[in-house]
2 protein chains.
Amino acid sequence: MSRQMVRPGGRSARVQASVHTAVRELEAEVGRDGLTVPLIAQRAGVTPSTIYRRWGDLAQLLSDVAVERLRPDTTPRDHGGLETDLTAWAEQFLDEMASPAGRAYIRDALLGDPDGSNAGQCSAYAADQVDVILTRAAERGEDTPGVETVVDHVVAPLMYRILFRPAGLDSAHARELVAGLLEGNAAGK
Amino acid sequence: MSRQMVRPGGRSARVQASVHTAVRELEAEVGRDGLTVPLIAQRAGVTPSTIYRRWGDLAQLLSDVAVERLRPDTTPRDHGGLETDLTAWAEQFLDEMASPAGRAYIRDALLGDPDGSNAGQCSAYAADQVDVILTRAAERGEDTPGVETVVDHVVAPLMYRILFRPAGLDSAHARELVAGLLEGNAAGK
DNA sequence: TCCCCAGAAGCAACAGATTTGCTTTAAGGT
DNA sequence: ACCTTAAAGCAAATCTGTTGCTTCTGGGGA
């Protein structure tokens with residue numbers, strides 16, 4: 001389980017917040033590679049051992065912060081039709097995730113994640129967004145594929161290329177994936 | 001570039017070999033999390049600074065070792081038909097990659113890989129295997145999709161789930177992906 | 001063949017990161 | 001208001017990474 005929910009209202013929460021803030025500020029100031037636990041602790045007004053005890057190590061702390069930053073901040077825009085909605089969403093997803101910053105967050109999220117829960121969270125974010133789009137389409141009466149199908153045929157290929165083949169990845173490919181999905185089998189699962 | 005090819009015949013090569021061996025042995029003895037650079041150095045009969053200078057840090061060393069272990073050791077078996085070949089390959093791929101050990105190697109390969117070359121190598125291994133299968137099918141006169149299509153619709157979904165959604169992943173899903181690919185559009189790209 | 005050079009490895013001292021036992025603080029429940 | 005307990009602070013001990021300098025090794029040229 002992520003270390004997010006720890007006595008939501010007390011000192012722990014304050015510490016957690018100040019540590020997360022310190023990470024974000026320092027990342028901007030000294031860069032991703034300049035981050036160290038003692039440095040973060042100092043900025044957060046906390047002792048290093050607090051961080052070590054709560055997060056284990058820098059990797060897990062960064063993983064937590066990365067997941068936060070990967071949380072979508074808006075609901076997918078409604079363009080009036082499934083294909084346009086999905087295409088626009090996929091393009092934006094790719095844009096955000098394939099950027100150097102996005103890649104770094106994904107890596108951090110995966111890296112400090114012994115049990116896979118943070119990675120699962122990221123995947124859930126994407127699945128939720130897709131679900132919103134599909135539900136909307138279904139309400140319009142459109143014939144929609146299942147969330148799993150979209151994840152397999154759109155989200156996964158994009159993420160795979162982001163992680164394993166940094167080159168040759170553009171929004172045209174995102175559009176093709178969506179198009180291929182909808183023409184082939186609009187009624188998957 | 002991977003740190004593999006360094007003066008293939010001299011002392012460097014011996015050091016590299018003994019370090020890699022030490023990593024594999026120790027991983028078996030103390031477990032993935034018990035590994036440290038000094039420990040590996042001692043076992044390899046080398047000073048820690050040698051490792052730090054050549055590999056930078058533990059993550060990058062592990063990444064190198066992981067890529068080695070992810071290299072397929074056999075050519076995909078020939079079952080006489082595209083669908084059977086692909087299905088069998090996908091099931092085996094999933095088996096190997098989704099195991100705890102496989103997941104750990106993939107993570108290691110991805111994480112200690114600043115420039116993405118090790119990840120690219122892993123992806124290339126899979127693509128090569130798929131290519132062998134497709135080429136064989138084409139020679140039989142079968143109608144085959146392109147390698148990219150197979151990577152997008154079979155390899156990527158499997159890898160995505162392995163990394164982001166450890167649960168609910170079985171060979172049935174691998175079979176479905178292959179079936180979906182071949183029924184939908186046998187002549188992709 | 002012998003000698004020289006460049007690239008690696010060894011060594012050792014150092015800086016800083018991590019771990020840990022114990023003490024102190026403060027949320028949350030009664 | 002009091003108790004319980006999880007979490008934070010503190011400080012000493014330990015271990016990991018870093019660095020300057022020396023020594024070794026193997027390949028190439030005279």
Side-chain angles (χ1 to χ4, degrees), chain A residues 1-23 25-27 29-66 68 108 111-114 117, chain B residues 1-23 25-27 29-65 108 111-115:
Chain A
M1 186 74 278
S2 184
R3 298 135 205 91
Q4 237 59 249
M5 36 205 55
V6 190
R7 297 218 184 183
R11 180 160 69 152
S12 296
R14 282 197 303 280
V15 167
Q16 155 133 340
S18 71
V19 168
H20 276 218
T21 303
V23 170
E25 290 178 3
L26 287 171
E27 189 171 2
E29 291 171 28
V30 306
R32 169 69 177 65
D33 294 334
L35 293 178
T36 68
V37 170
L39 185 65
I40 294 166
Q42 183 185 33
R43 170 67 62 100
V46 149
T47 57
S49 63
T50 295
I51 294 185
Y52 288 118
R53 285 215 238 257
R54 268 199 41 188
W55 281 276
D57 60 16
L58 181 60
Q60 292 181 64
L61 169 55
L62 292 183
S63 179
D64 265 12
V65 174
E68 253 182 38
D108 283 345
L111 173 53
D113 189 22
S117 59
Chain B
M1 190 66 277
S2 184
R3 296 137 206 88
Q4 236 61 248
M5 35 205 57
V6 191
R7 296 221 185 182
R11 180 159 68 154
S12 296
R14 283 197 301 280
V15 168
Q16 153 131 341
S18 71
V19 168
H20 276 220
T21 303
V23 169
E25 289 178 3
L26 287 170
E27 189 170 3
E29 291 171 27
V30 305
R32 169 68 177 66
D33 293 336
L35 293 178
T36 69
V37 171
L39 185 64
I40 293 166
Q42 183 185 32
R43 170 67 62 102
V46 148
T47 55
S49 63
T50 294
I51 295 185
Y52 289 122
R53 286 215 238 260
R54 267 196 45 187
W55 282 278
D57 59 18
L58 182 61
Q60 291 181 64
L61 169 56
L62 292 182
S63 180
D64 264 13
V65 175
D108 285 345
L111 299 172
D113 189 22
D115 60 357

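So that the names make sense, note that chain A is the first sequence line, chain B the second, and so on, each numbered from 1.
Counting all heavy atoms, side chain and backbone alike, A:A44 lies closest to A:S18 at O-OG, 3.4 Å. Nearest heavy-atom pair across A:E27 and A:L35 is N-CD2, 3.8 Å.
D:dT16 atom P lies 15 Å from atom CG of B:L61, rounded to whole Å. As rounded to whole Å, 17 Å separates atom P of D:dC15 from atom CD1 of B:I40. Atom C1' of nucleotide C:dT25 and atom CZ of A:R14 are separated by 11 Å, given to the nearest angstrom.
Scored by the side chain to side chain contact (heavy atoms under 4.5 Å, CB included) test, A:T50 finds A:V15, A:V46, A:T47 as partners (sequence neighbours excluded). For A:L111, the side chain to side chain contact (heavy atoms under 4.5 Å, CB included) criterion is met by A:A59, B:L111, not counting sequence neighbours. Among residues two or more places apart in sequence or in another chain, the salt bridge (Lys or Arg N to Asp or Glu O under 4.0 Å) test is passed with A:R43 by A:E25, A:E29.
For residues 31-41 of chain B, the pairs satisfying salt bridge (Lys or Arg N to Asp or Glu O under 4.0 Å) are B:R32-B:D108, with sequence neighbours left out.
Between B:R54 and C:dA9 there is a side-chain polar atom (N or O) within less than 4.0 angstrom of OP1 or OP2. Proximity of B:T50 to the phosphate of C:dG10: a side-chain N or O atom is located under 4.0 Å from OP1 or OP2.
Residues B:V37 and B:W55 form no side-chain contact, since every pair of their non-hydrogen atoms from C-beta on lies 4.5 Å or further apart.
Comparing the helix axis at one end of the helix from C:dT1-D:dA30 to C:dT30-D:dA1 with that at the other, each defined from 5 consecutive pairs, gives an inter-axis angle of 40° (nearest 10°).
With B:L39 as the fixed residue, the side-chain contact (heavy atoms from CB on, under 4.5 Å) test singles out one of B:L58, B:V23, B:L26: B:L26.
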*B/S/- contact track for nucleotides 12-20 of chain C, protein heavy atom under 4.0 Å*: -----SBBB
